[in-house]
Amino acid sequence: MAREIPSVADLRRKSEVSDEEIEAATAAYLANESAKPFAFKSGHTIDVAKAIEMHPQAKKLLADAATKPGLRRTMVKTAVILGFPVQG
């Protein structure tokens, strides 16, 4: 049987990723959309741009220049939480 890949939310539930790290990943992307993947202390990394690409609603709202900053932050954070990081 194939091993299931945990999402950031799964890692958060297991306390392998903190809320502060999720906020930092979100802030890093909002400061620079072409930033390199964010590295969590657990050794996992997430490509936030790729996580957004995989989340249709986030992709749509972030492409709209009229989307307000608060909603932009929420959509990036949601994409991070639902995203699948890689380990190592």
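Bear in mind the structure is a predicted one, so any value in this text is a computation, not a measurement.
Side chain of R73 to backbone of T26: no donor-acceptor contact under 3.5 angstrom is found. Remark: side-chain polar atoms of T45 are not paired, donor with acceptor, to backbone N or O of P37 under 3.5 angstrom.
Smallest separation of non-hydrogen atoms from A51 and G83: CB-CA, 4.3 Å. Pairing each heavy atom of P85 with each of H44, the nearest pair is CB-CB, 4.0 Å.
For the pair L62/R72, a side-chain contact is recorded, criterion being any heavy-atom separation below 4.5 Å from C-beta on.
Rounding to the nearest 0.5 angstrom, the gap separating the CD atom in Q57 from the OG1 atom in T74 is 12.0 Å. Taken from CE in M75 to OG1 in T78, the straight-line distance is 5.0 Å, to the nearest 0.5 Å. In this structure, OH in Y29 is found 4.0 Å from CD1 in I52, a value given to the nearest 0.5 Å. The CZ atom of R12 lies 9.5 Å from the CD1 atom of I81; values are rounded to the nearest 0.5 Å.
Residues in residues 50-76 take part in no ring pair (Phe, Tyr, Trp, His ring centres under 6.0 Å) pair, two or more places apart or across chains.
The one candidate from I5, L11, D10 that meets the side-chain contact (heavy atoms from CB on, under 4.5 Å) condition with S7 is D10.
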Open item on the list: Using side chain to side chain contact (heavy atoms under 4.5 Å, CB included), reason through I46 and F84 one step at a time and then give a plain yes or no.
Closed with: CA-CA 7 Å; I46 186 162; F84 294 94; over 6 Å; no

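Follow the hydrophobic side-chain contacts under 4.5 Å out from L30 and you reach V8 in the same cluster.
Between E21 and K41, none of the side-chain N atoms (NZ, or NE/NH1/NH2) sits under 4.0 Å from a carboxylate O, so this pair counts as no salt bridge.
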